[in-house]
Amino acid sequence: MRQKIVAGNWKMNKNLDEAKVLIKELKKELKDGLREDKRVVIAPSFVNLHYAAKKTKKSSIEVAAQNMHQAKSGAFTGEVSADMLTNIGVNIVILGHSERREYFGETDELLAEKVDAALANGLEVIFCFGELLEDRKSGNHFTVVESQVKKALFHLKEEAFKNIILAYEPVWAIGTGETATPEQAQEIHAFVRELFVKEYGNKTADAISILYGGSVKPSNAEEIFSKPDVDGGLIGGAALKAEDFVLIIKSI
Ligand code: PEP
């Protein structure tokens, strides 16, 4: 069954004290649980993951890492492995975020390796992709998105997609206040789902959740989420305030 998911990417925000407050507020707001097909995920920074995983264990909030290294272990100063994540109770990782691609040089090829390592360690992946403003202006957005998705994911076997959530995040809409229109989001989501139909068939394509990310707020969430191929959102700025995040969750 395709799931409805709202995931909050906290990025490099919230120290432990602040994370404690936000987690407490979210737990209080979501104490009545979620409908069976709905999921809520938060992605705090590495240093707060252990705390977040412990504190949310008995709640309906799931915890994701914002990144991980592809190697099992070794001399990779400053990095975190998949095993380190699962060992502290974190079972989801965000990969391919445009900020990782842009500021840390992550390529489609590297992301394919990271996806493999995550899946091999039993992690679920929220895989992000999306075009730059210049790609959209030049009409290349379909080509860019197709290439990102195919290069990082299409070497996988069909069953792997049970553990993959897609997130379309047009770079021009991230943290800019400029949201893709619901129609623009739907157009790309339907296009990506069709890529899956062609490569893996209807069953896999229908079951995969495709989230939209890019300046989602309480005021625009419902309209975006109402589109048939939009299965929820990956939320940045608005995930940092419990009140806003909860309103977004309620609008799904
Ligand atoms: C993000 O970075 O994943 C994101 C969607 O950010 P924002 O909601 O702030 O645009």
Side-chain angles (χ1 to χ4, degrees), residues 4-14 18-19 22 26 39-46 48-49 52 61-68 90 92-106 111 114-115 118 124-133 135-136 141 144-145 148-149 152 164-182 184-189 192 209-225 227 229-252:
K4 302 279 182 193
I5 302 163
V6 177
N9 174 12
W10 293 7
K11 310 193 185 187
M12 198 174 73
N13 294 296
K14 305 282 177 194
E18 294 161 342
L22 183 49
L26 290 175
R39 293 173 68 186
V40 170
V41 179
I42 55 169
S45 69
F46 280 132
N48 294 330
L49 282 178
I61 301 168
E62 297 173 76
V63 174
Q66 298 173 19
N67 180 34
M68 53 158 256
V90 173
I92 311 171
V93 62
I94 299 174
L95 294 175
H97 193 281
S98 64
E99 286 151 18
R100 300 290 321 166
R101 293 176 190 261
E102 185 180 349
Y103 306 135
F104 303 97
E106 296 199 359
L111 290 168
K114 289 195 177 199
V115 168
E124 195 174 6
V125 173
I126 299 180
F127 179 77
C128 308
F129 57 92
E131 80 282 1
L132 301 170
L133 183 59
D135 300 322
R136 181 154 284 263
H141 44 299
V144 169
V145 158
Q148 289 175 340
V149 169
I164 297 205
I165 297 159
L166 301 174
Y168 169 54
E169 297 212 308
V171 181
W172 49 272
I174 295 179
T176 58
E178 190 172 340
T179 323
T181 63
Q184 285 171 322
Q186 168 59 24
E187 189 179 36
I188 293 285
H189 287 218
V192 170
S209 296
I210 312 180
L211 316 184
Y212 167 78
S215 299
V216 175
K217 316 181 257 286
S219 57
N220 59 21
E222 197 172 332
E223 209 190 341
I224 297 171
F225 296 164
K227 292 292 174 193
D229 286 296
V230 179
D231 305 307
L234 180 54
I235 320 298
L240 299 174
K241 252 180 85 185
E243 196 190 333
D244 288 351
F245 194 54
V246 167
L247 283 171
I248 292 171
I249 293 164
K250 285 186 177 154
S251 57
I252 205 164

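Since the model is a prediction, treat every value here as computed from it, not as a measurement. Counting convention: from 1, in listed order, for ligands and their atoms alike.
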Point to revise | Pairing of Arg39 and Glu124 as salt bridge, 4.0 angstrom limit | key: yes
Practice item. Answer whether the closest heavy-atom distance between the side chains of Lys217 and Asn220 falls below 4.5 Å. Key: yes
Review point. So how far is it from Gln66 CD to Lys11 NZ, rounded to the nearest 0.5 Å?
Key: 9.0 Å
Exercise for review: Determine whether more than 12 heavy atoms belonging to other residues, nucleotides or ligands lie under 6.0 Å from atom CD of Glu18.
Suggested key: yes
**Study point:** Identity and separation of the nearest protein heavy atom to atom 9 (O) of ligand 1
**Key:** Gly237 N, 2.8 Å
Check your understanding: Should you measure from each heavy atom of Gly175, which atoms of ligand 1 turn up under 4.0 Å away?
Key -> 7 (P), 9 (O), 10 (O)
Check your understanding: How are the rings of Tyr212 and His189 set to each other: parallel, tilted or perpendicular (split at 30° and 60°)?
Key -> tilted
Exercise for review: Return the residue, atom name and 0.1 Å-rounded distance of the protein heavy atom closest to atom 2 (O) of ligand 1.
Suggested key: Lys11 NZ, 2.5 Å
Review point. For Ile92, which of Ile42, Val41, Ile5 qualifies under side-chain contact (heavy atoms from CB on, under 4.5 Å)?
Key: Val41
Exercise for review: Please indicate whether any nitrogen or oxygen in Thr176 is less than 3.5 Å from any nitrogen or oxygen in ligand 1.
Suggested key: no
Point to revise | Residue Gly214 vicinity, atoms of ligand 1 by number, heavy atom under 4.0 Å | key: 5 (C), 10 (O)
**Study point:** Nearest neighbour in protein (non-hydrogen) for atom 3 (O) of ligand 1
**Key:** Glu169 OE2, 2.8 Å
Practice item. Looking only at protein heavy atoms, identify the closest one to atom 4 (C) of ligand 1 and say how far it is in Å. Key: Gly236 N, 3.6 Å
Review point. For ligand 1, which atoms, with element, lie under 4.0 Å from some heavy atom of Asn9?
Key: 2 (O), 3 (O)
Study note, to complete from the structure: Closest to atom 1 (C) of ligand 1 by heavy-atom distance, out of Gln66, Glu99, His97, is His97
Check your understanding: Side chain of Ser209, backbone of Ile165: donor and acceptor closer than 3.5 Å?
Key -> no
Practice item. State the atoms of ligand 1, each with its element, that fall below the 4.0 Å cut-off from a heavy-atom position in Leu234. Key: 3 (O), 5 (C)
Practice item. Determine whether any heavy atom of Ala173 lies closer than 4.0 Å to an atom of ligand 1. Key: yes
Practice item. Take Glu131 and Trp172, measure what side-chain hydrogen bond (donor to acceptor under 3.5 Å, both in side chains) needs, and give me the verdict at the end. Key: CA-CA 8 Å; Glu131 80 282 1; Trp172 49 272; 2.8 Å; yes
